[in-house]
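This report concerns only the one structure given below.
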Protein chains: 2
Amino acid sequence: MTKDSLLPLLTAHVLAHGLGGASLRPLAKAAGTSDRMLIYHFGTKEALIVDLLGHIAKVYAAALDAAMGGEPAATRADVVARILAHGDAPAMQPFMRLWWEIVAGAARDLPGYQLAAQAMMRELLGWLEGQMPAGDPDPRGGARYLMTVIEGTAMLTAVGHGDTAQQGLLAGGLLPS
Amino acid sequence: MTKDSLLPLLTAHVLAHGLGGASLRPLAKAAGTSDRMLIYHFGTKEALIVDLLGHIAKVYAAALDAAMGGEPAATRADVVARILAHGDAPAMQPFMRLWWEIVAGAARDLPGYQLAAQAMMRELLGWLEGQMPAGDPDPRGGARYLMTVIEGTAMLTAVGHGDTAQQGLLAGGLLPS
DNA sequence: AAGCGAACGTAGCAGTCGCTACATATCTGG
DNA sequence: CCAGATATGTAGCGACTGCTACGTTCGCTT
């Protein structure tokens, strides 16, 4: 029972129950161990969280890679539609709930949170650059532009203003009509 | 010592120390009371948080109203620049840190969080609509579009990807060059 | 003045927190 | 074959959690 075998189980638990309220004993039960052993392996709860965030970032990267397939999109609007569909998928929603906790932790400068969030955003940006339409005049800037729009849409959706974001995307010519 | 005189002091405490980790005794000390009295006034910690979120939304609305002044912007890019400057102001940063906790709570459907977040986004949307340039072809859709972009920028900034968002805004023609 | 309800302090409940001391197992290398 | 490292269980520490029981003080009304 090593760290690497523990991390997926811990990940599953925080995906289900959140990261902020996670405490050692429930985490340990989810991983089939005791709090004693978690401290033994990770040294500290804080170190555990840092390791866990790193692992979650890697899981996210793998999920993006798996969704990477398909030919490049025809238009920027198609790129947006494609990734919004990916984020709206039911399988992604536990991760989306977790994501906002990671953002909140990064905003408060908790150790490990910024690093994990930046890694995931870097991954998403790379994915977007690879998805940009073939003849796009500015794939590099365009990918950054789309990422900004997409994250804004995700946030508004999280607080129940998804329709507002949809209307904004439509007005910005970023939704296929 | 009524609820309404307590709420500003409680607000100051959560702005400084966060909302997720807030517990009754520190809150009470910040408000100059005891945990006993907080329960007496609000009935439950959960009810206190709900009331507090409602109050925070009102404070946010008032802050936006106060910043409302000035003639309408000349271009959409000016609107974006204006509100990003407002959000980057040092006085707004405790609120920004709190905001991501509110988003995370809304994403997890904690009681009161969605309501407060929606109220604040509604307020921001109204402010944006009032700030749209005079001759804008689609002020209503444009405001929603700008709000999506602005919130995306805020999120990327929170996780340390502010430069990425800047480049995106530039590529989208939403920053005055 | 008597009575009453709201406002408040003190003390404490049962439970959880991160973490540790201590005793054991189980495995590995000389 | 046995020393030493690695792994695990049990029990518990002190601090903190939300919340409550109980008693007191205050301002007000009748």
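Excluded from the calculations below are hydrogen atoms, water molecules and symmetry mates; all remaining heavy atoms, backbone and side chain alike, are included. Convention: sequence-line order gives letters A, B, ...; per-chain numbering from 1. Quick caveat: nothing in here was measured; it's all calculated off a predicted structure.
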Can you pull every protein N or O that's under 3.5 Å from an N or O on nucleotides 11-13 of chain D?
from: D:dG12; atom 1: O6; to: A:R25; atom 2: NH1; distance (Å): 3.4

Note to self: According to ring pair (Phe, Tyr, Trp, His ring centres under 6.0 Å), who are the partners of B:H17, at least two apart in sequence or on a separate chain?
What the structure shows: B:H13
Next item on the list: For residues B:P139 and B:D136, report the shortest heavy-atom separation together with the two atoms involved.
Entry: N-OD1, 3.5 Å
Notebook entry, point to check: Looking only at heavy atoms, which two atoms of B:E151 and B:W100 are closest? And how far apart?
Noted result: O-CH2, 4.3 Å
Item checked: Beyond-backbone contact of B:L53 with B:L115, side-chain heavy atoms, under 4.5 angstrom -> no
Grab the [atom1]-[atom2] distance between [X] and [N] for me, whole Å please.
| X | N | atom1 | atom2 | value |
| --- | --- | --- | --- | --- |
| A:I39 | D:dG9 | CD1 | P | 15 Å |
| B:M37 | D:dC22 | CE | P | 16 Å |
| B:L38 | D:dT17 | CG | C1' | 14 Å |

Checklist line | salt bridge (charged side-chain N to carboxylate O under 4.0 Å, His left out) contacts in which one or both residues fall within residues 86-106 of chain B, not counting sequence neighbours | finding: A:R108-B:E101
Next item on the list: Using the test side chain to side chain donor-acceptor pair (under 3.5 Å), find all partners of B:R140 that sit at least two apart in sequence or belong to another chain.
Entry: none
Item checked: Positional range of nucleotides in DNA chain C within the contact set of chain B, heavy-atom, under 4.0 Å -> C:dA6 to C:dG12
Item checked: Inter- and intrachain pairs under ring-ring contact (aromatic ring centres under 6.0 Å, His included), touching residues 41-67 of chain B, at least two apart -> B:Y60-B:F95
Margin query: Counting only heavy atoms not in B:K58 (residues, nucleotides, ligands), do more than 12 fall under 6.0 Å from its NZ?
Written below: no
Notebook entry, point to check: Taking the side chain of B:T44 as its heavy atoms from C-beta onward, which of D:dG9, D:dC19, D:dG18 lies nearest to it?
Noted result: D:dC19
Note to self: Classify A:A28 by what it touches in the nucleic acid, base, sugar-phosphate, or nothing, heavy-atom distance under 4.0 Å.
What the structure shows: nothing
